[in-house]
Number of protein chains: 2
Amino acid sequence: MAVTYESIKVCKQSGARLGRVHTPHGVIDTPVFMPVGTQATVKAMTPEELKEIEAKIILSNTYHLYLRPGHKLIEKAGGLHKFMNWDRAILTDSGGFQVFSLGDLRKITEEGVEFRSHLDGSKHFISPEKAIEIQNSLGSDIMMVFDECVPYPAEHSYVKNSLERTTRWAKRCKDAHRKPDQQALFGIIQGGMYKDLREQSAKEIIELDFPGYAVGGLSVGEPKSLMYEVLDYTTPWMPADKPRYLMGVGTPDCLIEGVIRGIDMFDCVLPTRIARNGTAMTSVGKVVIKNAQYVEDFLPLDPNCQCYTCKNYSRAYLRHLYKAQEILSARLVTYHNLYFLIDVMKQVREAIKKDRLLDFRKEFFQKYGYEQ
Amino acid sequence: MAVTYESIKVCKQSGARLGRVHTPHGVIDTPVFMPVGTQATVKAMTPEELKEIEAKIILSNTYHLYLRPGHKLIEKAGGLHKFMNWDRAILTDSGGFQVFSLGDLRKITEEGVEFRSHLDGSKHFISPEKAIEIQNSLGSDIMMVFDECVPYPAEHSYVKNSLERTTRWAKRCKDAHRKPDQQALFGIIQGGMYKDLREQSAKEIIELDFPGYAVGGLSVGEPKSLMYEVLDYTTPWMPADKPRYLMGVGTPDCLIEGVIRGIDMFDCVLPTRIARNGTAMTSVGKVVIKNAQYVEDFLPLDPNCQCYTCKNYSRAYLRHLYKAQEILSARLVTYHNLYFLIDVMKQVREAIKKDRLLDFRKEFFQKYGYEQ
């Protein structure tokens, strides 16, 4: 198998999992946060910088790469790793989420989804088989099945129909996969916010026997408490010997709450996106660097942080760069935000080791200013 | 004196000068190209990357820093070096050129120039004394006198009046300079394209005895041959024991021609600006990376280049990044272009050492595709 999960220990206080995911491009300590490199680059970062901050795996988007520059071009270049100069692990999503959120005039049938490109309006059709073909060309270590991510809120009957089609599509994805020895294909559990449907989806998808499983359809606008509730009952149905991935989640509180509920892997554009808008995640909460209060603030972005940005630049300088619309602003804040989240996950793993993740959550939330 | 020139040798074939400029922030091998960091950052680059490519001195713009974030703020931060995390040499221009090219509604009097900010339309007044006050606050190693850069073409009488005022302003700058032991103030020779006026300006400015001299008012739209002609007669009037700086020049051919005419220092936004527009300077001429011919070109940007960009990325990838408007595109091409120009100057110094700069020019022009 291309990807395997090695369990190291379970936190006695919280039930959180400490482990390792073995991939063809290296070993990943879990729980892990995966930076997002939508268009074959983590925005504003080089691969070397990602290594400096100890990123072991990044996510890239099948939908975007299919449209531009095209998966066949990337295959000709020797695959996505070589194309983008990243020799550690890559996870690609299936394109499903973007087809539904970015594509225009989409039309869903049993066969697949017809949509228009958000770039030029051109017409495209992605089926489960096509999603796998694209990901096989990209050569990612972890591929995802083509699914429908249902909106929130949605009717029980709509969600049920959707998840049953997602199961049929998952089966077709598995059958279409040409390189199971080199690339792992993960299943995705859907079912919206309905316990019976999550259970049905979990059973059906796990029955297909994938090397890893994701929880999809969360972080789509529902209250955090509802997301935690769905995780509370869904993760216990997931096999303990396979990695568990919560898609699209990236705020520090959701990462920690997800880990406590047995999740191993997370991804989100949040830290990189807000960085480009001048917002930093710090040990004492959000810092919005454009605010006037930082004009003459010569402290680091986060005085408790050891990253390159915080060791070398002041808030006053970062504010100046942001106001002057300098590229270095995006670079330095992105670097910090990714360092910060990856460091939070390192602290989370440390806390699991010491069987004190619930204590860590309390301390972290207090410093960050989250309500408890 | 804050800055001194050490002569190493003169090229027997061309008369070009090999030397060292000693500054409070390090020694600079000359001839040298100085990357431009307009707003306290060389666009898209970190200071560490500038060191990787062996930049020893950068230029920053007084006009821009005065307007934003303000020189008093930078002084409070401990000066420009500390503010921007750059511990090598910095040259600041006087703001004169930008006042004339960017400021709106400018009004020139003997006292100075009144203008409106290009950022917010606010009214400002910069006198020779003010230009020096700002540069003293910034703490640059090399400061420039406040001058008027006359447009091309311009009448003899206009240029004569202007250069004589520039001389009076140069005197006032010298008198206003508070830190001559820590910061060197360079004079600027004007005089447009008129030999008699260049001679008059050179005599008057050199009479004031500055630790270095610039040739201003070139590269303002005149044909290259005219610029070379002005240099041909101007540089011989300049003292051999002081650095000579040709302002605003940055194409490879002009650098080499300038060096042959006895210039030591150059600056220009060209390599960084065209990089952000996806154009690279390479050993075989310009590469416009967005062009369709590079879609499936897996060669490096410049196959003869040893820079980070060329060692790790293909033209196809760089084209993708440019088309996808990724920040990494600006980063990688900027890095390459600066590396390239700095490397050209290294080769130029090597050629001077070996008394073969005219041969080098011929070889370089042939490869680059310049007419000879």
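Labels below follow one simple rule: chain letters A, B, ... track the order of the sequence lines, proteins then strands, and each chain is numbered from 1.
- In this structure, the portion of A:L321 lying under 4.5 Å from any heavy atom of chain B is its side chain and not its backbone.
- For A:E326, the part lying under 4.5 angstrom from a heavy atom of chain B is the side chain only.
- The environment of NZ in A:K286 is sparse: at most 12 heavy-atom neighbours from other residues, nucleotides or ligands sit within 6.0 Å.
- Heavy-atom neighbours of A:K76 NZ from other residues, nucleotides or ligands within 6.0 Å: at or below the threshold of 12.
- Of the two parts of B:R68, the backbone and the side chain both hold a non-hydrogen atom closer than 4.5 Å to a non-hydrogen atom of chain A.
- Using a 4.5 Å cut-off between heavy atoms, B:R276 contacts chain A through its side chain alone, with no backbone atom that close.
- Summarising the geometry of B:E48 relative to A:Y313, their closest heavy-atom pair is OE1-OH, 4.0 Å, with the distance given to 0.1 Å.
- Shown here is A:Y308, whose OH atom has more than 12 heavy atoms of other residues, nucleotides or ligands within 6.0 Å.
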Exercise for the section: Show the numbers, then the answer: is there a side chain to side chain contact (heavy atoms under 4.5 Å, CB included) between B:N85 and A:Y317? Expected result: CA-CA 10 Å; B:N85 184 35; A:Y317 182 65; over 6 Å; no
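- Crowding of A:K179 atom NZ: a count of heavy atoms from other residues, nucleotides or ligands under 6.0 Å exceeding 12.
- Using bins of under 30°, 30° to 60° and over 60° for the plane-to-plane angle, the ring pair B:H320/A:F83 lands in the tilted bin.
- How far CG of A:N312 is from OG1 of B:T46: 9.5 Å, rounded to the nearest 0.5 Å.
- Using a 4.5 Å cut-off between heavy atoms, B:T38 makes no contact with chain A at all.
- Heavy-atom distances place no part of A:S329 under 4.5 Å from chain B, backbone and side chain included.
- Atom CD of A:E296 and atom NZ of B:K72 lie 12.0 Å apart (nearest 0.5 Å).
- Considering only heavy-atom pairs separated by less than 4.5 Å from chain B, the leading option among A:G70, A:G78, A:A44, A:P47 is A:A44.
- Across A:I74, A:V295, A:L73, the residue that shares the most heavy-atom pairs under 4.5 angstrom with chain B is A:L73.
- Chosen from A:R319, A:H64, A:E49, the residue pairing most often with chain B at heavy-atom distances under 4.5 Å is A:E49.
- The candidate from A:A316, A:P69, A:A330 with the greatest count of non-hydrogen atom pairs under 4.5 Å with chain B is A:P69.
- For OH of A:Y294, the number of neighbouring non-hydrogen atoms (other residues, nucleotides, ligands) closer than 6.0 Å is greater than 12.
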